[in-house]
Amino acid sequence: MKNVMILGGDGFCGWPTSLHMAAMGWNVLIVDNLSRRSIANRISAASLTPISSIEKRISAAQKIGNINFVNCDIAIQDGLLKETLASFKPDAIVHFAEQRSAPYSMLGDIERKYTLNNNICGTNNLLSSLVELNLRPHIVHLGTMGVYGYNDVYGEIPEGYLDITIKQTNEDATISYPADPGSIYHMTKCLDHTLMQFYVKNWQFQITDLHQGIVWGTDTEITKSDDNLINRFDYDGEYGTVLNRMLCQAQIGHPLTIYGTGGQTRAFIHVSDTAKCIALACEHPANTGEKLRVFNQVSEVRMVRDLANTIHDQTGAEIKYQENPRKEAAENKLKVSNQGLRSLGFEPVLIADGLMSEIKATVAKYQDRIDMTTIQSKARW
Ligand code: NAD
Ligand code: USQ
């Protein structure tokens with residue numbers, strides 16, 4: 001049986017992925033400091049779904065497969081992280097353990113510093129500890145589509161690298177795709193990328209960076225099977241992502257909150273596909289000696305306004321265009337390659353595939369837990 005350590009395995013993507021991999025026969029160790037739960041308390045924005053304590057989660061999950069938990073802050077407790085790596089000896093490590101909200105990272109001084117320190121120190125502590133222990137498990141890191149910026153300046157967005165011709169020498173070359181982050185959070189993913197490139201070059205690490213689009217949905221077949229396995233669902237202005245937010249808003253009769261013109265085009269993936277893609281990447285490790293491998297973990301590209309119109313057509317929900325609280329292009333085109341994961345067998349679930357009604361049912365079930373005061377985003381940049 002192979003060992004996989006899942007950093008951030010208590011989170012929205014990490015929990016269903018941990019369950020999926022345990023069900024596939026991996027021996028799973030979740031390492032998480034439960035900071036997402038603490039932040040939810042601090043900003044008074046609880047998950048819509050009533051998620052169980054980590055203890056109840058783990059004991060229910062042990063009926064699915066081998067799965068255990070260590071409470072560790074990977075950005076601060078590097079000694080504990082190193083001990084855990086030495087004793088568990090992972091074959092693969094999935095690294096989700098970062099502060100992942102762009103609006104939260106732009107709330108103010110404390111959140112800017114926290115997001116950068118947490119995300120960069122966590123990644124460096126992981127890599128540096130592995131150097132010290134002389135361990136080289138395959139690392140699968142969660143990046144974001146936001147590292148590329150969202151545009152078609154260079155045509156379809158390739159997977160991490162861009163083929164160019166150098167004007168001065170007329171030579172062909174392949175370079176890292178130019179980074180163009182739109183928030184402190186997205187910038188940490190660009191910095192992670194450079195950190196990981198250095199460890200690959202200097203210490204022959206095997207790393208896959210998955211540049212993921214916006215994750216929507218909440219449940220997978222496994223999370224639905226037991227109340228203690230239920231996944232989190234964020235609908236608030238800081239952590240809720242656009243499609244989940246709009247589906248929730250439609251269900252509770254709140255106008256759909258479109259920022260600006262709604263001409264922002266973004267990449268999307270359903271949470272059950274997140275779990276499947278991570279497992280595919282773990283089963284097909286990057287080769288030693290290869291440069292940092294990058295896959296775009298996306299299923300499809302959609303414009304915010306089009307999604308809102310679809311929801312309006314289905315539910316009659318009112319659409320409200322509001323001043324965009326973020327600095328971003330009002331309208332953009334986007335085309336993204338996802339050949340890497342497709343070549344490993346990824347067959348994306350699409351937004352049209354009927355899963356939107358599942359979310360509406362979840363919202364209807366827990367509607368009385370909604371706090372209307374958390375819906376508007378407080379971050380401005
Ligand atoms: P999440 O906040 O729900 O989960 C992150 C988990 O990591 C939480 O359980 C948190 O407690 C833990 N964590 C954070 N810092 C930690 C630390 N220092 N030590 C130990 N644990 C720590 O976020 P998510 O939506 O599950 O996202 C997971 C990863 O996927 C993130 O890296 C995120 O950037 C990336 N991602 C998410 C999305 C999305 O739409 N949700 C899209 C693209 C990429
Ligand atoms: N938006 C609205 N209305 C809303 C919320 C968002 O119009 O109520 C717009 C935003 O202005 C933005 C787009 O929808 O143009 C996406 O916003 P989002 O909050 O859904 O997603 P984002 O902030 O980009 O971040 C999310 C995850 C992050 C991940 C990223 C992937 O929180 O962890 O990295 O999606 S990507 O967007 O592909 O970079």
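Whatever order the structure lists ligands and atoms in, that order sets their numbers, starting from 1. The analysis underlying the following values was restricted to heavy atoms, covering all of them including side chains, and did not include hydrogens, waters or symmetry mates.
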### Query
What part of Y185, side chain, backbone, both or neither, has a heavy atom within less than 4.0 angstrom of ligand 1?
side chain

### Query
So which protein heavy atom does atom 19 (N) of ligand 1 come closest to, and at what separation?
I74 N, 3.0 Å

### Message
Regarding R302 and E300, does a basic nitrogen lie under 4.0 Å from an acidic carboxylate oxygen?
### Response
yes

### Query
Any N/O of I214 closer than 3.5 Å to an N/O of ligand 1?
no

### Task
Answer with yes or no whether G9 contacts ligand 1, where contact means a heavy atom under 4.0 Å from a ligand atom.
no

### Summary
Note: heavy atom closest to atom 33 (C) of ligand 1, options R266, R100, M145, belongs to R100

### Query
Does ligand 1 have any atom that is closer than 4.0 Å to a heavy atom of S101?
no

### Query
Strictly under 6.0 Å, is that where the ring centroids of Y177 and Y154 end up?
yes

### Query
Is it the side chain (CB and beyond), the backbone, both or neither of V304 that lies under 4.0 Å from ligand 2, heavy atoms counted?
side chain

### Task
Note the single closest protein heavy atom to atom 18 (N) of ligand 1, along with its residue, its atom name and the distance in Å.
N118 OD1, 2.7 Å

### Proximity flag S38 to ligand 1, non-hydrogen atoms under 4.0 Å
no

### Task
Compute the minimum heavy-atom distance from G262 to ligand 2 and say whether it is under 4.0 Å.
no

### Message
Within the 4.0 Å heavy-atom shell around R266, which atoms of ligand 2 are there?
### Response
15 (O)

### Query
Nearest to atom 7 (O) of ligand 1 by heavy atom, G8, G146, G14, C121: which?
G8

### Query
Which atoms of ligand 2 are found less than 4.0 Å from any heavy atom of G213?
31 (C), 38 (O)

#### Entry: Option whose closest heavy atom lies nearest to atom 22 (P) of ligand 2, chosen from R326, K327, E238
R326

### Query
In terms of atom number and element, which parts of ligand 2 are under 4.0 angstrom from non-hydrogen atoms of T144?
29 (C), 30 (C), 31 (C), 34 (O), 36 (S), 39 (O)

### Query
Taking the inter-plane angle between the rings of Y114 and Y104 on a 0 to 90° scale, is it parallel (under 30°), tilted (30 to 60°) or perpendicular (over 60°)?
perpendicular

### Summary
atom 4 (O) of ligand 1 has as its nearest protein heavy atom G11 CA, 3.3 Å

### Query
Identify the closest protein heavy atom to atom 35 (C) of ligand 1: which residue and atom is it, and at what distance?
L142 CB, 3.8 Å

### Query
Do R57 and S52 have side-chain N/O donor and acceptor atoms under 3.5 Å apart?
no

### Task
Would you check the N or O atoms of T144, main chain and side chain alike, for any that come under 3.5 Å of an N or O of ligand 1?
no

### Message
Testing the 3.5 Å rule here: is there a donor-acceptor pair between the side chains of T144 and Q212?
### Response
no

### Query
Any idea which of M145, M246, Q249 brings a heavy atom closest to atom 38 (O) of ligand 2?
M145

### Query
With a cut-off of 4.0 Å, which atoms of ligand 2 are near a heavy atom of T241?
20 (O), 26 (C), 27 (C), 32 (O)

### Task
Return yes when Q77 approaches ligand 1 closer than 4.0 angstrom through a heavy atom, no otherwise.
no

### For atom 20 (O) of ligand 2, closest protein heavy-atom neighbour
V242 N, 2.7 Å

### Message
So which atom in T123 and which in D192 form the shortest heavy-atom distance, rounded to 0.1 Å?
### Response
OG1-OD1, 2.8 Å

### Query
Among protein heavy atoms, which sits nearest to atom 29 (C) of ligand 1, and what does the distance come to when rounded to 0.1 Å?
F96 O, 3.5 Å

### Task
Go through ligand 2 atom by atom and flag the ones less than 4.0 Å from a non-hydrogen atom of T257.
2 (C), 3 (N), 4 (C), 7 (O), 8 (O)

### Message
If the cut-off is 4.0 Å to any non-hydrogen atom of N33, which atoms of ligand 1 fall inside it?
### Response
11 (O), 13 (N), 16 (C), 17 (C), 18 (N), 19 (N), 20 (C), 21 (N), 22 (C)

### Query
Can you tell me if S35 has a non-hydrogen atom under 4.0 Å from ligand 1?
yes

### Task
Write down the atom of M145, the atom of A267, and the distance for their closest heavy-atom approach.
CG-CB, 4.0 Å

### Query
At what distance is the nearest protein heavy atom to atom 26 (O) of ligand 1, and which residue and atom is it?
C13 N, 2.7 Å

#### Entry: Sub-3.5 Å N/O-N/O distance, Y114 and ligand 1
no

### Query
Out of curiosity, is Y239 lining ligand 2, as in a heavy atom under 4.0 Å away?
no

### Query
Tell me, which protein residue and heavy-atom name are nearest atom 35 (O) of ligand 2, and how many Å apart are they?
I214 CG1, 3.3 Å

### Query
Applying a 4.0 Å heavy-atom criterion (strictly less than), which segment of Q264 is in contact with ligand 2: side chain, backbone, both, or neither?
side chain

### Query
Which of the atoms in ligand 2, numbered in the order shown and given with their element, are less than 4.0 Å from a heavy-atom of E328?
10 (C), 11 (O), 12 (C), 15 (O)

### Task
Within a distance under 4.0 Å of any heavy atom of G146, pick out the atoms of ligand 2 and give their elements.
39 (O)

### Message
With a heavy-atom distance limit of 4.0 Å, tell me whether L34 approaches ligand 1 through its side chain, its backbone, both, or neither.
### Response
backbone

### Task
State the atoms of ligand 2, each with its element, that fall below the 4.0 Å cut-off from a heavy-atom position in A102.
23 (O)

### Task
Out of D10, D32, T17, indicate the one that has the non-hydrogen atom closest to atom 8 (C) of ligand 1.
D32

### Summary
So for H186 against ligand 2, with non-hydrogen atoms under 4.0 Å, the contacting part is side chain

### Query
Just distances here: any N/O of R232 and N/O of ligand 1 closer than 3.5 Å?
no

### Query
What residue and atom, counting heavy atoms only, is the protein's closest point to atom 39 (C) of ligand 1, and at what distance?
V215 CG2, 3.5 Å

#### Entry: Which segment of Q212 sits under 4.0 Å of ligand 2 when only heavy atoms are counted
backbone

### Protein contact of atom 33 (O) of ligand 2 - nearest heavy atom, named by residue and atom, plus distance
R100 O, 2.7 Å

### Task
Please confirm whether R136 makes a cation-pi placement over F205, using NZ or CZ under 6.0 Å from the six-membered ring centre and within 45° of the ring normal.
yes

